[in-house]
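Below is one structure; the comments refer to it alone.
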Amino acid sequence: MADMDHNVDLSIPMQPDMEIIATTVAESIGTFMGLDANKVDEVKIAVVEACINAFEHSKSEERRVDVSFSIDDAGLMISINDGGTGFDMDEAKAQIAEKRSEGVGNRGWGLTLIYELMDEVSIVSTPNGTLVQMLKRR
């Protein structure tokens, strides 16, 4: 498999339900590479959460999200880049914690879900956008 290119790159508009395109691709790739159904479902949920976060919070002028999937010996790596204005992770976590302590509803669980569902997560946010990289091991 090392000599074959199994990378898939998408550019999806920030429109309602467009995250479903990314989850469909994630499911196809996960199944192709032999991930069990539970792992595929975990990947799909993480992709939905990352895309929705980008849609809602990026302030991207281009209003597109780039999603890349790559398979290697370790597993499936998914990169989501929003091209937005970036955010302060510590500030975001503090706001989420405050909302939870005030009992404010069911929102703000996206990052928590992503970290719990994926094996490795890296989030780098700059004024040129936020890049979320998520690895699901085989």
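FYI, side chains are in, hydrogens and waters are out, and symmetry mates aren't considered; it's all heavy atoms of this structure. Residue numbers count from 1 along this sequence.
Between Leu35 and Arg137, the closest side-chain pair of non-hydrogen atoms is not below 4.5 Å. Annotation: side chain of Cys51 is in contact with side chain of Val67 (closest heavy-atom distance under 4.5 Å). Between Met14 and Ser58 there is a side-chain heavy-atom pair separated by less than 4.5 Å. Glu120 is not listed as a side-chain neighbour of Met134, based on a closest heavy-atom distance of 4.5 Å or more. By the 4.5 Å heavy-atom criterion applied to side chains, Ile123 and Leu131 are not counted as neighbours. With a 4.5 Å cut-off on side-chain heavy atoms, Leu135 and Met118 do not count as touching. At least one side-chain heavy atom of Ile71 sits less than 4.5 Å from a side-chain heavy atom of Ile29. With a 4.5 Å cut-off on side-chain heavy atoms, Val43 and Phe69 do not count as touching.
For the residue pair Ser125 and Thr130, a side-chain donor N or O sits within less than 3.5 Å of a side-chain acceptor on the partner. For the residue pair Asp66 and Ser11, a side-chain donor N or O sits within less than 3.5 Å of a side-chain acceptor on the partner.
Considering every non-hydrogen atom in both Val65 and Ala54, the closest pair reads CG2-CB, 3.8 Å. Nearest heavy-atom pair across Val124 and Ser122 is CG2-OG, 4.0 Å. Closest approach of Arg63 and Phe55 over heavy atoms only: NH2-O, 3.7 Å. Closest non-hydrogen pair, Glu49 versus Gly110, comes out as OE1-CA, 3.3 Å. Heavy atoms only, all atoms of each residue included: Ala22 and Val47 are closest at CB-CG1, 3.6 Å.
Residues Leu10 and Met77 do not share a hydrophobic cluster, defined by chaining ILVMFWY side chains whose heavy atoms lie under 4.5 Å apart. Put simply, Phe32 and Val25 are part of the same group of oily side chains (I, L, V, M, F, W, Y) that touch within less than 4.5 Å, one to the next. Grouping the Ile, Leu, Val, Met, Phe, Trp and Tyr side chains by contacts below 4.5 angstrom, directly or via other members, places Val40 apart from Ile20.
Atom CG of Asp72 sits about 7.5 Å away from atom CZ of Arg138, to the nearest 0.5 Å. The CE atom of Met18 sits 11.0 Å away from atom OG1 of Thr23, with the distance rounded to the nearest 0.5 Å.
Residue pairs that meet the salt bridge (Lys or Arg N to Asp or Glu O under 4.0 Å) test with at least one member in residues 36-45, sequence neighbours left out, are Glu27-Lys44, Glu42-Lys136.
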Residues Gln133, Ile80; criterion side chain to side chain contact (heavy atoms under 4.5 Å, CB included); working and verdict: CA-CA 6 Å; Gln133 293 185 298; Ile80 299 178; over 6 Å; no
Going through the checks in order, is the side-chain hydrogen bond (donor to acceptor under 3.5 Å, both in side chains) test met by Ser68 and Asp9? CA-CA 4 Å; Ser68 298; Asp9 299 313; 2.8 Å; yes
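For the pair Arg64 (side chain) and Asp82 (backbone), a donor-acceptor distance under 3.5 Å is absent.
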